[in-house]
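Each remark here refers to the structure printed beneath this line.
Every chain is numbered from 1, with letters handed out A, B, ... down the list of sequences. FYI, side chains are in, hydrogens and waters are out, and symmetry mates aren't considered; it's all heavy atoms of this structure.
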Number of protein chains: 2
Amino acid sequence: MSARERVIGAALDLFAENGVSGTSLQMIADRLGVTKAAVYHQFPTKEEIVLTAIAPAMDRLVALAESTAGQRGRPARVRHAIAGVVDLVVDYRRLSAVLSFDPVVIQLVRPHPAMRAVESLLDMIAGPDPDPATRIGVTMVSGGLITAGTDPHLAKMDDEALRSLLTASALRLLGVRPARADQKQ
Amino acid sequence: MSARERVIGAALDLFAENGVSGTSLQMIADRLGVTKAAVYHQFPTKEEIVLTAIAPAMDRLVALAESTAGQRGRPARVRHAIAGVVDLVVDYRRLSAVLSFDPVVIQLVRPHPAMRAVESLLDMIAGPDPDPATRIGVTMVSGGLITAGTDPHLAKMDDEALRSLLTASALRLLGVRPARADQKQ
DNA sequence: GTCTATAAGAAGATAGAC
DNA sequence: GTCTATCTTCTTATAGAC
């Protein structure tokens, strides 16, 4: 594992524990057993560390928005989008809430092209001309999914079980019938 | 308005904008047009400011847990609890997500007696011996409600409309029929 | 209640040696 | 890639005058 990857790994662990604002370069360096200067050799600023750390998730959101747009019919689109978002939040369980609702991260990520993808994803889930009840449903689902990883009750649940339960719950709230097993994916 | 109240008011505004970790005593003082020392005259530490700022919400959670326990039957309990939580998150629209998912706040609030109330509230909503699907539903609902205030699409919605839509959405996800108008409250 | 002044430390960041 | 050393700025917090 390269030094860059080690920095990102330590940063992600610490972000999950202390939040982005609560994580200093000193803490990252300490966890790796090196000095701050060694970290600064890999990344010019703390902002770059944050952006690099979340880049894989951002890329997945962009890809998901594109593949969702390729689905025909709203039910298929919603199922596809929810499956992708659920995969993402399960993989980022401990991080998604901490990253999604930290004002520092929000400001940092606002100009990122992936945010357009998130917008279009939400729009596709809501469907054309959504009424307020539908909009609220989409908001509830996205908030619920993002925060699902923070619940201590769910910490011991394995990924596969969490995935299927979150998917079922989200589709139910959105009023979309789950995919039959043979047409899944 | 007393000086203490002015400090708390400024702090809440700034917490909503910048998060708790992103808000310094200097920022609070600047917003009030006074010096840091004037703020320190009102509160011994920053922690005290945070705890005092969120105390009213904590008190409401404790009261809600008590009154919910007094309801007979799970549907009535769920309706009562959801109504109370929705009232709270609507009143704290811009703050609830920032406060609920900031690791600094979580650590600070963990020993607070109100957290017992939150636990019991979630348990009452889940009902006795909840299966995993129900537990996930409760998690989704609480996460969805807490984060509802952060959605820019909902910012322009008035409190009454937001309240009724969130209530309907939450009860639907929990599988509880909404209260009839004549038995509401 | 508010002020000036200041301490003591941690933050992000840089220079330059090895 | 990592180090020591340093700079600047910001943080929480205190002392004491008005």
Side-chain angles (χ1 to χ4, degrees), chain A residues 1-55 95 98-99 101-112, chain B residues 1-55 95 98-99 101-112:
Chain A
M1 193 158 55
S2 75
R4 268 181 77 92
E5 288 168 331
R6 285 200 305 276
V7 169
I8 295 301
L12 286 172
D13 283 352
L14 289 163
F15 291 165
E17 293 164 29
N18 311 107
V20 174
S21 304
T23 301
S24 68
L25 292 175
Q26 188 65 66
M27 291 163 78
I28 295 172
D30 287 349
R31 174 143 317 193
L32 294 171
V34 299
T35 62
K36 269 189 302 180
V39 176
Y40 270 110
H41 181 72
Q42 309 296 334
F43 297 95
T45 62
K46 183 182 175 182
E47 282 196 6
E48 275 305 311
I49 297 177
V50 176
L51 288 172
T52 305
I54 64 179
L95 275 160
V98 146
L99 292 177
F101 303 120
D102 185 323
V104 173
V105 179
I106 292 172
Q107 290 236 2
L108 196 62
V109 153
R110 199 190 303 279
H112 197 289
Chain B
M1 193 157 56
S2 74
R4 267 181 78 92
E5 288 167 333
R6 285 200 306 275
V7 169
I8 295 300
L12 285 173
D13 283 352
L14 289 162
F15 290 165
E17 293 164 28
N18 311 107
V20 174
S21 304
T23 300
S24 68
L25 292 176
Q26 187 66 66
M27 291 163 79
I28 295 172
D30 286 349
R31 174 143 317 193
L32 295 171
V34 299
T35 63
K36 269 186 304 179
V39 176
Y40 270 110
H41 181 72
Q42 308 297 334
F43 297 95
T45 63
K46 184 182 175 182
E47 281 195 6
E48 275 304 312
I49 297 176
V50 177
L51 288 172
T52 306
I54 64 180
L95 275 161
V98 146
L99 292 178
F101 303 120
D102 185 323
V104 174
V105 178
I106 292 171
Q107 289 236 3
L108 196 61
V109 152
R110 199 190 303 279
H112 196 289

### Message
Check the phosphate of C:dA10 against A:Ser24, side-chain N and O only, distance under 4.0 Å to OP1 or OP2. Yes or no?
### Response
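Looking at the OP1 and OP2 atoms of C:dA10, neither is under 4.0 Å from any side-chain N or O of A:Ser24.
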
### Message
Please confirm whether the shortest side-chain N or O distance from B:Thr35 to OP1 or OP2 of C:dT2 is below 4.0 Å.
### Response
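For C:dT2, OP1/OP2 do not have a side-chain N/O of B:Thr35 under 4.0 Å.
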
Atom pair distance, as rounded to whole Å: [atom1] in [X] and [atom2] in [N]:
X: B:Ile28; N: D:dA13; atom1: CD1; atom2: P; answer: 11 Å
X: B:Asp30; N: D:dC10; atom1: CG; atom2: P; answer: 11 Å
X: B:Gln26; N: D:dT12; atom1: CD; atom2: P; answer: 9 Å
X: B:Glu47; N: D:dT11; atom1: CD; atom2: P; answer: 17 Å
X: A:Tyr40; N: D:dT2; atom1: OH; atom2: P; answer: 16 Å
X: B:Lys46; N: D:dT11; atom1: NZ; atom2: P; answer: 9 Å
X: A:Lys36; N: D:dT2; atom1: NZ; atom2: P; answer: 17 Å
X: B:Leu14; N: D:dT11; atom1: CG; atom2: P; answer: 12 Å

Nearest 0.5 Å, please: how far is [atom2] in [Y] from [atom1] in [X]?
X: A:Glu48; Y: A:Leu108; atom1: CD; atom2: CG; answer: 8.5 Å
X: B:Thr23; Y: B:Lys46; atom1: OG1; atom2: NZ; answer: 6.5 Å
X: A:Ile8; Y: A:Met1; atom1: CD1; atom2: CE; answer: 11.0 Å

### Message
Does atom CD (A:Glu47) have a neighbourhood of more than 12 heavy atoms from anything else shown, all under 6.0 Å?
### Response
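No, the 6.0 Å shell around CD holds no more than 12 heavy atoms from other groups.
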
### side-chain contact (heavy atoms from CB on, under 4.5 Å) partner of A:Met27, chosen from A:Asp13, A:Asn18, A:Leu32
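Of the listed residues A:Asp13, A:Asn18, A:Leu32, the side-chain contact (heavy atoms from CB on, under 4.5 Å) partner of A:Met27 is A:Asn18.
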
### Query
Quick one: does A:Leu25's side chain get under 4.5 Å of A:Ile49's, heavy atoms only?
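SC-SC contact between A:Leu25 and A:Ile49 confirmed.
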
I want to verify a distance call: between [options], whose nearest atom is closest to the [X] side chain?
X: A:Ala38; options: D:dT2, D:dA13, C:dA13; result: D:dT2
X: B:Ala3; options: C:dA13, C:dT2, D:dG1; result: C:dT2
X: B:Gln42; options: D:dT12, C:dG12, C:dG1; result: C:dG1

Please tabulate the protein-to-nucleotide N/O contacts below 3.5 Å involving nucleotides 15-18 of chain C, giving atom names and distances.
none

### Message
Using every non-hydrogen atom in the two residues, find where B:Val98 and A:Phe101 come nearest and quote the distance to one decimal.
### Response
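Distance-wise, the nearest heavy atoms are CG2-O, 4.1 Å.
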
### Query
Base, sugar-phosphate alone, or nothing: which one does B:Arg6 contact when heavy atoms must sit under 4.0 Å apart?
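Since only primed, P, OP1 and OP2 atoms lie under 4.0 Å of B:Arg6, the category is sugar-phosphate.
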
### Query
Given the rule in the side chain to side chain contact (heavy atoms under 4.5 Å, CB included) test, do A:Arg6 and A:Val34 qualify, once you have shown the distances and angles that lead to the verdict?
CA-CA 11 Å; A:Arg6 285 200 305 276; A:Val34 299; over 6 Å; no

### Query
Paired stems touching DNA chain C, three or more consecutive Watson-Crick or G-U pairs with both distances under 3.5 Å?
C:1-18 with D:1-18

